[in-house]
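A short worksheet on the structure shown next.
No hydrogens, no waters, no symmetry mates; every other heavy atom, side chains included, goes into these values.
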Amino acid sequence: MVSAPDRNALGMLIRKLESIATLTDAERQAVRSLPIRIHNLNARRDIVRDGDQPTQCCLILDGWACRYKLLSQGKRQILLFQIPGDILDLQGLHIHTMDHSLATLTKAVVAFIPHESLRELMARHPGLATAFWRDTLIDAGIFREWLVSMGRRSAFEHVAHLFCELYLKLQAVGLAGNFRCPLPITQTDLADALGLTPVHINRVLKEMRGRTLITLRSNALVIEAWDELLRISEFDPAYLQREKQAVG
């Protein structure tokens with residue numbers, strides 16, 4: 001049975017949507033009225049597997065997750081890091097068989113929203129349908145930037161670009177500020193996302209710290225030289241399509 005709406009939990013989704021679109025009071029109320037089931041998940045647990053045919057979407061309320069593909073030899077390619085406020089699998093509304101897997105990277109709290117409820121919401125509120133569509137298009141923009149980084153940026157530039165992206169995404173949902181943000185992932189996770197080895201990631205992070213570009217401590221990233229990271233990685237935040245572009 002689907003639970004009653006959790007207005008506080010769905011506030012995270014509203015905050016995410018308002019970082020990329022303008023919502024009316026009626027649209028906010030409609031989102032708050034969505035029925036959800038909340039689950040607490042352990043780290044390193046699959047939420048949806050490649051080949052599944054889910055009937056619900058997953059919203060992250062707390063913790064980090066990722067999209068990934070697993071090759072037959074056991075090699076993992078992380079396709080996207082997912083943070084609170086993200087709905088991981090909106091494409092499941094229209095593409096019924098998953099072509100990749102979703103998993104938690106840390107302990108996480110997630111909310112499952114039935115596809116039927118989301119379809120009804122979008123039918124009643126075309127503005128929300130546009131906002132969700134915009135969210136999937138932004139994901140596509142992120143995929144393109146990751147592809148450019150894989151093919152043309154150096155390892156150092158690639159890591160710098162990713163750190164800029166993660167900071168701005170976390171800032172948009174109120175989880176980062178003053179150039180400090182959580183980074184509760186391992187060097188192996190970074191390696192699997194960037195197509196590098198953990199040893200190479202370790203060297204890049206050591207060089208970044210040595211050049212006083214970043215500080216890493218207690219699962220947190222502190223960007224000490226934001227403008228320099230932007231310059232090194234040629235980072236242009238336009239692909240994130242944020243309504244408010246202030247940084248700090």
Legend entry - For H96, all residues meeting ring pair (Phe, Tyr, Trp, His ring centres under 6.0 Å), sequence neighbours excluded: none
Inset, instruction - May I have the step-by-step check of side-chain contact (heavy atoms from CB on, under 4.5 Å) for C164 and W226, ending in yes or no? - result: CA-CA 8 Å; C164 292; W226 174 257; 4.0 Å; yes
Legend entry - Any I214 side-chain heavy atom under 4.5 Å of R209 side chain: yes
Inset, instruction - With the side chain counted from C-beta on, respond yes when D139 and R67 share a heavy-atom pair under 4.5 Å apart, and no when they do not. - result: yes
Inset, instruction - For F235, enumerate each residue passing the ring pair (Phe, Tyr, Trp, His ring centres under 6.0 Å) test, keeping only those at least two apart in sequence or located in another chain. - result: H161, Y239
Inset, instruction - List the atom of Q187, the atom of P198, and the distance in Å for their closest heavy-atom pair. - result: OE1-O, 3.7 Å
Legend entry - Non-hydrogen side-chain atoms of H200 and V204 separated by less than 4.5 Å: yes
Legend entry - Hydrophobic cluster identity match, L216 and V159, side-chain contacts under 4.5 Å: yes
Legend entry - Qualifying salt bridge (charged side-chain N to carboxylate O under 4.0 Å, His left out) pairs with a residue from residues 216-229, counting only residues at least two apart or across chains: E228-R231
Legend entry - Residue list, side chain to side chain contact (heavy atoms under 4.5 Å, CB included) with A193, at least two apart or on another chain: I78, F81, W146
Inset, instruction - Begin with the C-alpha distance, continue with both residues' side-chain angles, and end with the deciding distance and a verdict on side-chain contact (heavy atoms from CB on, under 4.5 Å) for L190 and I185. - result: CA-CA 7 Å; L190 286 172; I185 52 179; 3.8 Å; yes
Inset, instruction - Provide the closest heavy-atom pair for C181 versus L170 in the form atom of the first, atom of the second, distance. - result: CB-CD1, 3.7 Å
Inset, instruction - For residues P35 and P114, report the shortest heavy-atom separation together with the two atoms involved. - result: O-CD, 3.4 Å
Inset, instruction - Compare all side-chain heavy atoms of P84 with those of L175 and state whether any distance is below 4.5 angstrom. - result: yes
Inset, instruction - Would you indicate whether the side-chain heavy atoms of F179 and L229 approach each other to under 4.5 Å? - result: no
Legend entry - Side-chain heavy-atom pair I223, L221 within 4.5 angstrom cut-off: yes
Inset, instruction - Please collect all salt bridge (charged side-chain N to carboxylate O under 4.0 Å, His left out) contacts where either partner lies in residues 169-192, sequence neighbours excluded, each pair once. - result: R44-D189, R76-D189, R76-D192, D86-K169
Inset, instruction - Provide the closest heavy-atom pair for M98 versus P54 in the form atom of the first, atom of the second, distance. - result: CG-CD, 3.8 Å
Inset, instruction - Show your reasoning for whether side-chain contact (heavy atoms from CB on, under 4.5 Å) applies to D135 and K16. - result: CA-CA 9 Å; D135 188 44; K16 165 63 183 295; 3.2 Å; yes
Inset, instruction - Give a yes or no answer on whether the side chain of T106 reaches the backbone of W64 with a donor-acceptor pair at less than 3.5 Å. - result: yes
Legend entry - Candidates L79, L147, L80 - the one meeting side chain to side chain contact (heavy atoms under 4.5 Å, CB included) with I142: L80
Legend entry - Side chain proximity check, F132 to L118, heavy atoms < 4.5 angstrom: yes
Anything under 3.5 Å between a donor and an acceptor, one on a side chain of residues 119-131, the other on a protein residue two or more places apart or in another chain? List them.
unit_1, atom_1, unit_2, atom_2, d
R119, NH2, L93, O, 2.9
T130, OG1, P126, O, 3.1

Legend entry - Residue pair Q77 / H100, side-chain heavy-atom distance below 4.5 Å: no
Legend entry - Note: E18-R28 ion pair, threshold 4.0 Å (strictly below): yes
Legend entry - Any donor-acceptor N/O pair, K69 side chain to D99 backbone, under 3.5 Å: yes
